Amino acid sequence: KAWSLTEEEFRLWNKLYRLRESDEFNEIVLPKTKFESLQDDDLSNHESRPGSYQLSLSEWRVWQNCPFPTHQVDHSDRCYHFISIMEMIDQIRNEEDECSYELKLKPYLQIGDIS
Amino acid sequence: QSLKAAVHYTVGSLCQEAADAKGVKFSKPTIAAISEVTFRQ
Amino acid sequence: PSFRKELVNKLLYLHFKDDKCKVSPDALQLMVEMLKIFVQEAASRAIRQAQAEDQDKVDIEQFEKVLPQLLLDF
């Protein structure tokens with residue numbers, strides 16, 4: 001078919017890129033996002049197969065409090081928002097009783113603004 | 001699966017091009033991971 | 001290297017719910033370009049992370065570090 005690999009391309013793919021049983025991982029899986037509120041539990045039966053590697057979006061969460069270098073595409077606003085939230089989490093992570101975020105906002109709280 | 005193989009081959013070629021320009025190498029699982037993410041996109 | 005138009009066309013039709021949905025040649029060309037830029041960005045950021053760690057081999061760990069922000073940027 002016009003879209004599929006040619007013989008030569010298939011040979012190269014098979015040699016250079018294809019993951020085999022003998023490799024460290026024989027399959028790479030992206031985590032399925034689970035929406036708690038929607039309780040879409042059909043994802044729960046998605047156990048990973050032996051030898052497959054599930055990519056993690058949270059393994060390196062403590063690294064996400066600053067923007068990584070970019071190449072041709074700069075960070076989006078929502079990415080900068082994510083980074084600023086991760087930075088705030090980093091700052092308040094070790095707070096026990098008092099909450100610096102609350103202390104900062106308290107002076108501005110107008111009783112009339114809240115029911 | 002043959003669609004995924006075709007995406008995987010193209011992703012591998014693009015990664016190879018970027019790696020050659022910087023004098024580094026990609027491990028096979030990394031190319032497979034970038035391919036899986038691309039397929040999902 | 002780049003994605004073949006026929007391959008991207010096939011990927012798009014595979015995911016359309018409504019099989020009457022059509023893709024214009026311009027939209028297909030844009031999608032080819034977008035996928036190429038996505039892969040180049042993923043590869044470049046992973047390479048930058050490996051270099052920052054003085055590695056000459058880009059492992060899955062370096063890609064995982066840049067993955068959350070990459071996905072938020074596309």
Side-chain angles (χ1 to χ4, degrees), chain A residues 1-13 16-17 19-20 23-34 48 51-90, chain C residues 1-17 19 21-23 25 27-74:
Chain A
K1 306 179 187 76
W3 56 268
S4 60
L5 294 177
T6 61
E7 288 289 322
E8 173 57 11
E9 287 172 339
F10 182 85
R11 190 186 64 78
L12 277 173
W13 169 73
L16 297 174
Y17 307 125
L19 292 182
R20 307 177 179 296
D23 283 317
E24 186 186 2
F25 307 114
N26 56 36
E27 182 191 25
I28 308 287
V29 179
L30 244 183
K32 298 275 182 199
T33 40
K34 184 170 165 43
S48 56
S52 84
Y53 180 90
Q54 170 142 312
L55 282 170
S56 167
L57 288 171
S58 56
E59 173 78 19
W60 308 99
R61 59 187 173 280
V62 292
W63 290 53
Q64 304 305 325
N65 61 354
C66 59
F68 278 96
T70 57
H71 176 50
Q72 300 171 113
V73 177
D74 194 2
H75 289 309
S76 62
D77 289 345
R78 61 180 183 166
C79 185
Y80 281 121
H81 179 218
F82 165 70
I83 291 165
S84 69
I85 295 287
M86 296 308 278
E87 195 168 1
M88 175 186 150
I89 289 172
D90 217 33
Chain C
S2 184
F3 288 91
R4 214 176 282 153
K5 260 192 257 190
E6 296 81 1
L7 171 59
V8 178
N9 199 53
K10 183 76 182 173
L11 282 168
L12 289 172
Y13 281 100
L14 187 79
H15 287 275
F16 287 154
K17 301 277 186 290
D19 52 14
C21 192
K22 295 280 178 262
V23 182
L28 183 58
Q29 188 52 46
L30 263 179
M31 198 63 193
V32 166
E33 197 55 30
M34 200 287 288
L35 283 173
K36 177 175 178 178
I37 288 171
F38 177 78
V39 174
Q40 287 176 329
E41 193 67 21
S44 297
R45 292 187 189 186
I47 289 171
R48 285 281 290 265
Q49 185 54 35
Q51 290 173 325
E53 298 174 22
D54 268 343
Q55 307 285 332
D56 61 0
K57 187 172 183 194
V58 188
D59 253 334
I60 211 158
E61 177 184 312
Q62 281 90 35
F63 178 56
E64 268 186 331
K65 284 166 183 166
V66 302
L67 187 56
Q69 295 181 26
L70 176 79
L71 290 177
L72 284 166
D73 291 339
F74 280 85

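As the structure is a prediction and not an experimental result, all values here were calculated from the model. A note on names: the letters A, B, ... follow the listed sequences, proteins ahead of strands, and every chain is numbered from 1.
Only the side chain of A:Glu9 comes within contact range of chain C, with at least one heavy atom under 4.5 Å from a heavy atom of that chain. Proximity to chain C involves both the backbone and the side chain of A:Trp3, based on heavy atoms less than 4.5 angstrom apart. For a residue to count as touching a neighbouring chain, one of its non-hydrogen atoms must lie under 4.5 Å from one of that chain's; by this rule C:Ile60 touches chain A with the side chain only. In this structure, the portion of A:Ser4 lying under 4.5 Å from any heavy atom of chain C is its backbone and not its side chain. For A:Asp74, the part lying near chain C is the backbone, with the side chain staying farther off; criterion is any non-hydrogen pair under 4.5 Å. Proximity to chain A is limited to the side chain of C:Gln49, based on heavy atoms less than 4.5 angstrom apart. Using a 4.5 Å cut-off between heavy atoms, A:Tyr53 touches chain C through its side chain atoms alone. With a 4.5 Å cut-off on non-hydrogen atoms, C:Phe74 touches chain A through its backbone and its side chain both.
More than 12 heavy atoms of other residues, nucleotides or ligands lie within 6.0 Å of CD in A:Glu8, so this atom counts as buried by the packing criterion. Counting non-hydrogen atoms of other residues, nucleotides and ligands closer than 6.0 Å to NZ of C:Lys5 gives a total of 12 or fewer. Applying the 6.0 Å contact sphere to CG of A:Asp90 captures more than 12 heavy atoms from other residues, nucleotides or ligands.
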**OP:** Verify side chain to side chain contact (heavy atoms under 4.5 Å, CB included) between A:Phe68 and C:Lys65, making sure each step is shown before the conclusion.
**Re:** CA-CA 9 Å; A:Phe68 278 96; C:Lys65 284 166 183 166; 4.1 Å; yes

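Taking all atoms of both residues into account, the shortest heavy-atom contact from C:Gln40 to A:Gln72 is OE1-NE2, 3.2 Å. In this structure, A:Arg78 and C:Leu71 approach most closely via the heavy-atom pair NH2-O, 3.5 Å. Of all heavy-atom pairs between C:Gln69 and A:Cys66, the closest is NE2-O, 3.1 Å. In terms of heavy-atom proximity, A:Ser76 sits nearest to C:Leu72 at OG-O, 2.8 Å. Across A:Pro69 and C:Arg45, no two heavy atoms sit closer than the pair O-CG, 3.6 Å.
If you tally non-hydrogen atom pairs under 4.5 Å between each of A:Asp77, A:Val73, A:Leu55, A:Leu57 and chain C, the highest count goes to A:Val73. Looking only at heavy-atom pairs under 4.5 Å with chain A, the residue among C:Glu6, C:Arg4, C:Glu64 that has the most is C:Glu64. Of the listed residues (C:Glu41, C:Arg48, C:Glu61), the greatest number of heavy-atom pairs within a distance under 4.5 Å of chain A belongs to C:Glu41.
Distance check, rounded to the nearest 0.5 Å: CG of C:Leu70 to NE2 of A:His75 gives 9.5 Å.
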